[in-house]
Amino acid sequence: MPKPGKFRYIVTYKDHFEKFFVKQNQKVKDKIIWTLELIEDIEHVPKTYLNIIEDKLYEIRVKQGSDVFRIFCFFDKKKLVILMNGFQKKTQKTPRKEIDKAKSIMKEYFEAKSE
C-alpha cells in the first residue's frame, strides 16, 4: 500500500534502474528523485512526467538542463510503479530497441510473479 498521503508507490525490478541511476551526475539524480516523488505524491500526473508509450508500458520523463532522460515503468495493481531500464534520450523518437528491452523486462516480471 502507498504511504499515507501518497497516491502510488514506486519499486524497482531487479537492478535495471539502479544500473542506469548510478551512472548519472548528482544534478540528474536529484531531478530523477524529485520526479519520482512527484509521481508518488500527486493523483493526476501530467504527461510531462509520466506518459504511456504502448500496451501498458509507460515512460517517466526527466529533463535536467538540455538533457532528457526516460525511465520505463509499468503499473501492478494500479498503484505500484515498477521502474525498469532508463536511458538518455538523444533523438525525438524513443528508440525501438529501448522499448523492446522494456517490454521484455515487463514480460519477465509478470511471468516470474505468476510462478
Side-chain angles (χ1 to χ4, degrees):
M1 291 296 296
K3 296 173 190 166
K6 305 265 183 191
F7 288 96
R8 59 197 61 81
Y9 62 105
I10 296 174
V11 298
T12 61
Y13 178 62
K14 293 194 173 179
D15 63 351
H16 302 288
F17 173 74
E18 286 82 3
K19 284 180 179 178
F20 161 75
F21 187 77
V22 298
K23 293 178 187 173
Q24 308 312 315
N25 68 44
Q26 193 57 50
K27 280 189 173 190
V28 173
K29 287 179 181 178
D30 291 345
K31 188 66 178 263
I32 290 170
I33 291 166
W34 179 88
T35 305
L36 297 178
E37 288 173 349
L38 177 91
I39 291 168
E40 286 183 321
D41 291 346
I42 62 175
E43 186 171 8
H44 301 289
V45 181
K47 286 185 177 186
T48 309
Y49 300 107
L50 181 66
N51 194 33
I52 190 159
I53 295 291
E54 59 183 56
D55 193 35
K56 300 178 186 174
L57 180 65
Y58 289 76
E59 69 177 3
I60 295 170
R61 300 171 172 194
V62 178
K63 186 171 183 186
Q64 175 56 45
S66 61
D67 295 327
V68 179
F69 301 87
R70 298 290 190 254
I71 302 161
F72 289 110
C73 62
F74 57 93
F75 289 86
D76 185 3
K77 301 195 191 301
K78 297 182 183 177
K79 295 288 182 184
L80 178 66
V81 178
I82 309 294
L83 296 180
M84 301 185 299
N85 54 315
F87 66 99
Q88 184 172 359
K89 193 167 179 187
K90 296 182 179 185
T91 62
Q92 280 295 99
K93 196 168 181 173
T94 300
R96 184 81 234 166
K97 73 175 194 151
E98 295 292 345
I99 293 171
D100 292 343
K101 178 180 177 183
K103 287 174 82 173
S104 175
I105 294 168
M106 183 169 62
K107 181 179 180 216
E108 176 188 316
Y109 169 85
F110 283 111
E111 285 174 354
K113 188 177 174 188
S114 67
E115 292 176 357

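In this text, all values refer to a predicted model and were calculated from it rather than measured experimentally. In what follows, every heavy atom counts, from backbone to side chain, and hydrogens, waters and symmetry copies are set aside.
Here CG of D55 is found 11.5 Å from CD1 of I99. Values are rounded to the nearest 0.5 Å. Within the model, atoms CD1 of I52 and CG of L57 stand 8.0 Å from one another, a figure rounded to the nearest 0.5 Å. Atom CD1 of I82 sits about 10.5 Å away from atom NZ of K77, to the nearest 0.5 Å. The distance from atom CZ of F20 to atom CD1 of I32, rounded to the nearest 0.5 Å, is 4.0 Å. How far CD of E59 is from OH of Y49: 14.5 Å, rounded to the nearest 0.5 Å.
Looking at heavy atoms from C-beta onward, V45 lies out of side-chain contact with Y58 at the 4.5 angstrom threshold. Side-chain atoms of Q88 and V68, non-hydrogen and from C-beta on, never get closer than 4.5 Å to each other.
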*Dump the intermediate steps for salt bridge (charged side-chain N to carboxylate O under 4.0 Å, His left out) on E98 and K89, then the final yes or no.*
CA-CA 10 Å; E98 295 292 345; K89 193 167 179 187; over 6 Å; no
_With side chain to side chain contact (heavy atoms under 4.5 Å, CB included) as the criterion, how do K101 and M84 come out once you've worked through the C-alpha distance, each side chain's angles and the decisive distance to 0.1 Å?_
CA-CA 9 Å; K101 178 180 177 183; M84 301 185 299; over 6 Å; no
*Determine, stepwise, if the pair Y9 / V11 fulfils side chain to side chain contact (heavy atoms under 4.5 Å, CB included).*
CA-CA 7 Å; Y9 62 105; V11 298; 4.2 Å; yes
*asked:* Would I60 and R70 count as a side chain to side chain contact (heavy atoms under 4.5 Å, CB included) here? Give the steps.
replied: CA-CA 6 Å; I60 295 170; R70 298 290 190 254; over 6 Å; no
*Would you sort out whether W34 and V62 count as a side chain to side chain contact (heavy atoms under 4.5 Å, CB included), showing the intermediate values?*
CA-CA 9 Å; W34 179 88; V62 178; over 6 Å; no
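When every heavy atom of F74 is checked against every heavy atom of K56, the shortest pair comes out as CB-O, 3.4 Å. Closest of all the heavy-atom pairs between K29 and F21 is CE-O, 3.3 Å. Across all non-hydrogen atoms, the minimal contact from I105 to N85 is CD1-OD1, 3.7 Å.
Legend: residues meeting side-chain contact (heavy atoms from CB on, under 4.5 Å) with N51, ordered by chain and number and at least two apart, are K47, R61. Looking at residues two or more places apart in sequence or on another chain, you find a side-chain contact (heavy atoms from CB on, under 4.5 Å) between K27 and N25, Q64.
Note: the hydrophobic cluster containing I71 also contains I42 (ILVMFWY, side chain heavy atoms under 4.5 Å, direct or indirect links). Note on I53: it clusters hydrophobically with M106, by side-chain heavy-atom contacts below 4.5 Å among ILVMFWY residues. Residue I10 is grouped with residue F75 when hydrophobic side chains (ILVMFWY) are merged at heavy-atom distances under 4.5 angstrom, including chains of intermediate members. The hydrophobic cluster containing V81 also contains F17, counting ILVMFWY residues as joined when their side-chain heavy atoms lie under 4.5 angstrom apart, directly or transitively.
K79 places a side-chain N or O within donor-acceptor distance of the main-chain N or O of F7, the cut-off being under 3.5 Å. Counting only distance, with no hydrogens or angles, the side chain of T35 and the backbone of K31 share a donor-acceptor pair below 3.5 Å. Remark: the backbone N or O of E43 is paired with a side-chain donor or acceptor of R8 at under 3.5 angstrom.
Remark: K113 NZ is packed, more than 12 non-hydrogen atoms of other residues, nucleotides or ligands lying under 6.0 Å away.
Counting only residues at least two apart or in different chains, ring pair (Phe, Tyr, Trp, His ring centres under 6.0 Å) contacts with residues 76-103 comprise F72-F87.
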